[in-house]
Amino acid sequence: MAGNKSDLNHLRAVSEEDGHALAEKEGLSFLETSALEATNVEKAFQTILNEIYHIISKKALAAQEAAANTTLPGQGTTINVADASGNTKKGCCST
């Protein structure tokens with residue numbers, strides 16, 4: 001979560017502490033930025049991109065693991081369909 005315009009303290013609507021508390025409650029990172037003072041702007045973009053990369057990487061890894069654990073046709077259990085009684089048929093219509 002990013003708080004913008006941190007250079008305008010006299011117009012602040014949310015305290016930095018409240019921003020940190022909300023971000024922590026929601027499981028987010030918190031960063032205040034100021035384009036005017038060039039404070040944390042690049043860091044904010046890098047942090048967001050880094051988080052996106054980690055989320056996508058985790059999802060890709062989970063998908064690979066799921067695919068590796070999925071039984072594909074031809075890789076399952078072999079079933080012997082031979083007649084256990086010893087009776088064998090010869091041809092399609094013989095008895």
Side-chain angles (χ1 to χ4, degrees):
M1 183 167 60
N4 193 20
K5 301 194 180 289
S6 64
D7 54 282
L8 300 176
N9 282 327
H10 63 288
L11 297 175
R12 181 180 288 273
V14 178
S15 71
E16 186 174 358
E17 294 79 22
D18 289 345
H20 277 287
L22 178 61
E24 185 175 332
K25 176 183 169 192
E26 297 295 328
L28 303 170
S29 58
F30 179 76
L31 190 62
E32 286 197 338
T33 65
S34 169
L36 180 65
E37 295 176 348
T39 306
N40 290 335
V41 175
E42 186 173 340
K43 184 177 181 180
F45 282 105
Q46 288 175 345
T47 301
I48 291 168
L49 289 175
N50 192 31
E51 288 297 319
I52 291 170
Y53 174 78
H54 286 296
I55 290 167
I56 298 297
S57 296
K58 286 179 185 177
K59 287 183 179 182
L61 182 59
Q64 288 174 347
E65 289 174 354
N69 293 331
T70 302
T71 303
L72 300 175
Q75 293 182 337
T77 303
T78 302
I79 300 172
N80 187 359
V81 293
D83 188 359
S85 66
N87 296 333
T88 57
K89 291 186 178 183
K90 297 183 179 167
C92 79
C93 300
S94 64
T95 54

**Complete:** Interatomic distance, CG@L61 vs CD1@I56, rounded to 0.5 Å, equals 13.0 Å

**Asked** Between L49 and V41, is there a shared hydrophobic cluster once you connect ILVMFWY residues whose side-chain heavy atoms come closer than 4.5 Å?
**Response** no

**Message:** I need the minimum non-hydrogen distance between V14 and G19, along with the two atoms involved.
**Reply:** CG1-N, 4.0 Å

**Prompt:** How long is the span from the CD atom in E42 to the OG1 atom in T47, to the nearest 0.5 Å?
**Reply:** 10.0 Å

**Distance-minimising heavy-atom pair for K43 and L31** = C-CD2, 3.9 Å

**Prompt:** Atom CD1 of I48 and atom CD of E51: how far apart are they, to the nearest 0.5 Å?
**Reply:** 9.5 Å

**Message:** Any non-hydrogen side-chain atom of E24 less than 4.5 Å from a side-chain atom of F30?
**Reply:** no

**Item:** E32 and its side chain to side chain contact (heavy atoms under 4.5 Å, CB included) partner, picked from R12, K5, H20
**Value:** R12

**Asked** Are side-chain heavy atoms of M1 and E26 found at a separation under 4.5 Å?
**Response** no

**Item:** Approximate separation, where rounding is to 0.5 Å, of D18 CG and K25 NZ
**Value:** 11.5 Å

**Message:** As an exercise, state the distance from CG of N40 to CG of N4, rounded to the nearest 0.5 Å.
**Reply:** 11.0 Å

**Message:** Distance check, rounded to the nearest 0.5 Å: S6 atom OG versus E16 atom CD?
**Reply:** 8.0 Å

